[in-house]
Engineer: 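I'd like to ask some things about the structure below.
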Amino acid sequence: QVQLVESGGGLVQPGGSLRLSCSTSGFSLDDYVVAWFRQAPGKGREGVSCISGNGATFYADSVKGRFAISRDNAKNTVYLQMNSLKPGDTAVYYCAADRISWRVLPSRWASDEYDYWGQGTQVTVSS
């Protein structure tokens, strides 16, 4: 069955970096979109970034230029490199996966209607 397991969260000072990992199983990264979402206390879930089966990437405006999504097909793992972190990036980060048509992906990727979700990993940016 499809499984997603996040790791790499932690406490970091403002301006610091973290790399999150989403270890996947039960499907091929070539066939699914894998996305990163985050949820801060008292707020809704926000789409951060995604990578499609053919390697196309999308980012929320709030993280463009600071975050980078990538994947290693051999390890069935998707990464989120987060640089220049700000206190506003503090949240639980989730990875999610689903089959999404390329035709609708640009408008659909940040909607949290994904079939499969990980358990989340906490990222705290604080001095």
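No experiment lies behind these values; they were computed from the predicted model shown.
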Engineer: Show every donor-acceptor pair shorter than 3.5 Å between a side-chain atom in residues 67-74 and any protein atom, with sequence neighbours excluded, or say none if there are none.
Structural biologist:
from	atom 1	to	atom 2	distance (Å)
Arg71	NE	Asn73	OD1	3.1
Arg71	NH1	Leu29	O	3.1
Arg71	NH1	Ser52	O	2.8
Arg71	NH1	Gly53	O	3.2
Arg71	NH2	Gly53	O	2.8
Asp72	OD1	Ala74	N	3.0
Asp72	OD1	Lys75	N	3.3
Asn73	ND2	Asp30	OD1	2.9

Engineer: Partners of Gln3 by side-chain hydrogen bond (donor to acceptor under 3.5 Å, both in side chains), sequence neighbours excluded?
Structural biologist: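 By the side-chain hydrogen bond (donor to acceptor under 3.5 Å, both in side chains) rule, Gln3 matches no residue at all.
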Engineer: Give, for atom CG of Leu105 and atom SG of Cys50, the distance between the pair rounded to the nearest 0.5 Å.
Structural biologist: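 Going from the CG atom of Leu105 to the SG atom of Cys50 covers 5.0 Å.
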Engineer: Only counting residues at least two apart or in another chain, list the ones meeting salt bridge (Lys or Arg N to Asp or Glu O under 4.0 Å) with Asp31.
Structural biologist: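 By the salt bridge (Lys or Arg N to Asp or Glu O under 4.0 Å) rule, Asp31 matches no residue at all.
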Engineer: Tell me, please, which residues at least two apart from Arg66 pass salt bridge (Lys or Arg N to Asp or Glu O under 4.0 Å).
Structural biologist: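 Arg66 satisfies salt bridge (Lys or Arg N to Asp or Glu O under 4.0 Å) with Asp89 only.
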Engineer: Under the rule for side-chain contact (heavy atoms from CB on, under 4.5 Å), what residues qualify as partners of Ser17, not counting sequence neighbours?
Structural biologist: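 With neighbours one apart ignored, the set is Gln81, Asn83.
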Engineer: CG of Asn76 to CG of Leu4: how many Å apart, nearest 0.5 Å?
Structural biologist: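 That separation rounds to 11.0 Å.
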Engineer: Would you compute the distance between atom CD of Gln122 and atom OG1 of Thr90 and round it to the nearest 0.5 angstrom?
Structural biologist: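 Between Gln122 CD and Thr90 OG1, I get 7.5 Å after rounding to 0.5 Å.
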Engineer: May I ask you to list the residues sharing a hydrophobic cluster with Tyr79, side-chain cutoff 4.5 Å, ordered by chain and number?
Structural biologist: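 Answer for Tyr79: none, a lone residue.
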Engineer: Would you say Val92 ends up clustered with Leu80 if hydrophobic residues are merged whenever their side chains have heavy atoms under 4.5 Å apart, either directly or through other cluster members?
Structural biologist: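 No, no single cluster joins them.
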Engineer: Please list all pairs meeting salt bridge (Lys or Arg N to Asp or Glu O under 4.0 Å) that have one or both residues in residues 92-106, counting only residues at least two apart or in different chains.
Structural biologist: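 Sorted result for residues 92-106: Asp98-Arg108.
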Engineer: Sequence neighbours left out, what passes disulfide (SG to SG under 2.5 Å) with Cys22? Give chain and number order.
Structural biologist: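 Residues passing disulfide (SG to SG under 2.5 Å) with Cys22: Cys95.
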Engineer: Among pairs that include at least one residue of residues 44-57, which meet salt bridge (Lys or Arg N to Asp or Glu O under 4.0 Å), considering only residues two or more places apart or in two chains?
Structural biologist: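 Every pair satisfying salt bridge (Lys or Arg N to Asp or Glu O under 4.0 Å) with a residue in residues 44-57: Arg38-Glu46, Arg45-Asp112.
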Engineer: Using the ring pair (Phe, Tyr, Trp, His ring centres under 6.0 Å) rule, collect all pairs that involve residues 20-56, keeping only residues at least two apart or in two chains.
Structural biologist: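 Checked against ring pair (Phe, Tyr, Trp, His ring centres under 6.0 Å) - neighbours excluded - the pairs reaching residues 20-56 are Phe27-Tyr32, Phe37-Tyr114, Phe37-Trp117.
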Engineer: In chain order, what residues pass the salt bridge (Lys or Arg N to Asp or Glu O under 4.0 Å) check against Asp115, with sequence neighbours excluded?
Structural biologist: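 Result, salt bridge (Lys or Arg N to Asp or Glu O under 4.0 Å) vs Asp115: none returned.
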Engineer: Can a donor-acceptor pair be found, under 3.5 Å and without considering hydrogens, that links the side chain of Gln119 to the backbone of Glu6?
Structural biologist: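 Yes, Gln119 side chain to Glu6 backbone: donor-acceptor pair under 3.5 Å.
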Engineer: For Val123, check side-chain contact (heavy atoms from CB on, under 4.5 Å) against everything at least two apart and list the hits.
Structural biologist: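 Applying side-chain contact (heavy atoms from CB on, under 4.5 Å) to Val123 gives Leu18, Leu20, Met82, Tyr93, Val125.
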Engineer: If you take all heavy atoms of Ser127 and Pro14, which pair is closest and at what distance?
Structural biologist: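 Closest approach of Ser127 to Pro14: N-CD, 3.7 Å.
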Engineer: So which atom in Ala60 and which in Trp109 form the shortest heavy-atom distance, rounded to 0.1 Å?
Structural biologist: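 That closest heavy-atom pairing would be N-CH2, 3.7 Å.
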Engineer: May I ask whether Val5 and Tyr94 are part of the same hydrophobic cluster, defined by side-chain heavy atoms of I, L, V, M, F, W, Y residues being less than 4.5 angstrom apart, directly or through others?
Structural biologist: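 In one cluster with Val5: Tyr94, no.
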Engineer: Transitively linked via ILVMFWY side-chain contacts under 4.5 Å: Val48 with Ile51?
Structural biologist: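 Yes.
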Engineer: Using only atom types and a distance under 3.5 Å, with no angle test, would you say the side chain of Ser49 pairs donor to acceptor with the backbone of Phe58?
Structural biologist: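 Yes; judged by distance alone, with no hydrogens or angles, the pair exists.
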